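Side-chain atoms are counted along with the backbone in the values below, which use heavy atoms only and exclude waters and symmetry mates. Each ligand, and each atom within it, is numbered from 1 in the order the structure gives. Please read all numbers here as calculations on a predicted model, not as lab measurements.
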Amino acid sequence: MAKKGKQSSYTSPYLRVGLIGNPVAHSYSPRFQQAALDALGIPARYELWQTPATQLLERVRSLCHKDCLGANVTIPHKEAVLPLLDKIDPLAERIGAVNTIVHDDDDYLYGYNTDAPGLLHALLEHGIGNMDTQGHISLQGYTAILLGAGGAARGAAFGLAGAKVERLIILNRHLERAQLLAADIQQTYEGPVFSLSDPSFLIPHSSSIIINATSVGMHEDVSPLPAEVLARFDADTFVYDMIYNPMQTHLLLQARTMGLRAANGLSMLLHQGALSFTLWTCRPAPIEVMRAALM
Ligand code: NAP
């Protein structure tokens, strides 16, 4: 879908954009989005819009106000907003989740998913993959091991498949969920997709990327992958944990102790936010300003 957003000059003295979710108070987004708006002199405020499910329709309708650029959407509304929008980007449609709404000049509300490309941009920043002259990121030659099959994993799986990973292995506690996600991916992805629930069946491949898209490690000091399984992987394995709070999860500590390259989810948060920013404003996001505000 063509890039939307406010292409006209800013006529309102005070514009708004915000985060729709429940809860939202913990979010890092206002920090770096506001820094970006201020850095480019865009007269807008990034707000937190705590929204229970019963008020979602009303909240989404409020985005049609002329002073509103759009919104980010987070848990638990990423799927529920789809039928409330006018147009959905094909990637967001396939994923079945929207994390960015753009209120365009034509007064329509457009839904996008920047989590999936945000992950690819984060991997690229960590030296994983290549970008061609048209801005497409390729992960050809890599094996992706995706831990989880929830909302974040779903976006990641479509992003990884779109970047043409060599093979995709989905490992989830509940096998049926991994199998369902694998079946969805296989409708458009030509490479092999495997689903597992027992990590001991993981077969290591060279050039592996292990991505934690479960919430394991966020609240307790535990890892989604037993150390003996991780120890089987080659030295060129890259471990990415979507969790960024805590900054170093048990999985990242395990990986670093074994000498593997590893990174937390701050870079994905940054890049999904930067992509959302550009969709709202049609301006390149000031990435380094946003990064500094996150640190
Ligand atoms: P979700 O839809 O609730 O999915 C949770 C996933 O974690 C499921 O695969 C679930 O497995 C698994 N899980 C939960 N508890 C488990 C346990 N005790 N043992 C094994 N597996 C367990 O959540 P989500 O929205 O996908 O978010 C997942 C994580 O990604 C969160 O930590 C979130 O903060 C992070 N995230 C980060 C970014 C970023 O920008 N860095 C963006 C989005 C999400 P079952 O299916 O078997 O229940």
Side-chain angles (χ1 to χ4, degrees), residues 19-33 72-81 92 95-100 112-123 125-126 145-160 168-182 184-185 195-200 202 209-226 229 239-252 262-277 285 287 290-291 294:
L19 175 64
I20 299 172
N22 192 19
V24 290
H26 64 283
S27 171
Y28 288 28
S29 293
R31 269 202 237 168
F32 67 99
Q33 293 292 4
N72 279 134
V73 184
T74 189
I75 291 170
H77 303 316
K78 286 186 184 185
E79 294 87 18
V81 291
I95 296 171
V98 157
N99 78 326
T100 304
Y112 295 87
N113 188 302
T114 67
D115 283 331
L119 170 66
L120 299 183
H121 281 266
L123 293 175
E125 178 177 308
H126 299 298
I145 294 132
L146 183 61
L147 312 181
R154 208 176 152 79
F158 278 94
L160 294 163
L168 177 61
I169 302 168
I170 304 170
L171 177 75
N172 195 52
R173 175 177 58 178
H174 291 103
L175 180 62
E176 323 79 69
R177 228 174 156 194
Q179 288 170 329
L180 278 175
L181 177 54
D184 281 354
I185 292 292
S195 29
L196 298 174
S197 64
D198 184 346
S200 60
L202 264 182
I209 320 166
I210 299 175
I211 298 169
N212 180 32
T214 75
S215 46
V216 179
M218 192 155 68
H219 305 295
E220 292 174 306
D221 190 25
V222 288
S223 170
L225 214 51
V229 173
V239 178
Y240 191 76
D241 199 329
M242 283 196 194
I243 296 172
Y244 49 82
N245 185 12
M247 302 268 274
Q248 173 146 284
T249 58
H250 198 98
L251 173 66
L252 292 182
N264 69 28
L266 266 187
S267 47
M268 176 177 167
L269 179 73
L270 172 71
H271 285 285
Q272 63 77 30
L275 292 164
S276 300
F277 182 93
I287 284 273
M290 297 172 93
R291 192 194 308 279
L294 256 183

What pair of heavy atoms forms the shortest contact from Val98 to Val73, and how long is it?
O-CB, 3.5 Å
Please list, chain by chain and in numerical order, all residues satisfying salt bridge (Lys or Arg N to Asp or Glu O under 4.0 Å) with Asp241, sequence neighbours excluded.
none
Residue pair Ala97 / Asn113: nearest heavy atoms and the distance that separates them
O-ND2, 3.0 Å
Which atom names give the shortest non-hydrogen contact between Asp115 and Lys78, and what distance separates them?
OD2-NZ, 2.8 Å
Among residues two or more places apart or on two chains, list those pairs meeting side-chain hydrogen bond (donor to acceptor under 3.5 Å, both in side chains) that have a residue in residues 168-181.
none
Pairs under 3.5 angstrom only: tabulate donor-acceptor contacts from the side chains of residues 263-277 to other protein residues two or more places apart or in another chain.
{"residue": "Asn264", "atom": "OD1", "partner": "Leu266", "partner atom": "N", "Å": "3.0"}
{"residue": "Asn264", "atom": "ND2", "partner": "Met247", "partner atom": "O", "Å": "2.9"}
{"residue": "Ser267", "atom": "OG", "partner": "His126", "partner atom": "NE2", "Å": "2.8"}
{"residue": "Ser267", "atom": "OG", "partner": "Tyr240", "partner atom": "OH", "Å": "2.8"}
{"residue": "His271", "atom": "NE2", "partner": "Glu125", "partner atom": "OE1", "Å": "2.5"}
{"residue": "Gln272", "atom": "OE1", "partner": "Asn99", "partner atom": "ND2", "Å": "3.3"}
{"residue": "Gln272", "atom": "NE2", "partner": "Leu269", "partner atom": "O", "Å": "2.9"}
{"residue": "Ser276", "atom": "OG", "partner": "Asn72", "partner atom": "ND2", "Å": "3.3"}
{"residue": "Ser276", "atom": "OG", "partner": "Thr100", "partner atom": "OG1", "Å": "2.8"}
{"residue": "Ser276", "atom": "OG", "partner": "Thr114", "partner atom": "OG1", "Å": "3.2"}
{"residue": "Ser276", "atom": "OG", "partner": "Gln272", "partner atom": "O", "Å": "3.0"}

At a 4.0 angstrom heavy-atom cut-off, what protein residues surround ligand 1?
Ile75, Gly148, Ala149, Gly150, Gly151, Ala152, Asn172, Arg173, His174, Arg177, Ala213, Thr214, Ser215, Val216, Met218, Met242, Ile243, Tyr244, Gly265, Met268, Leu269
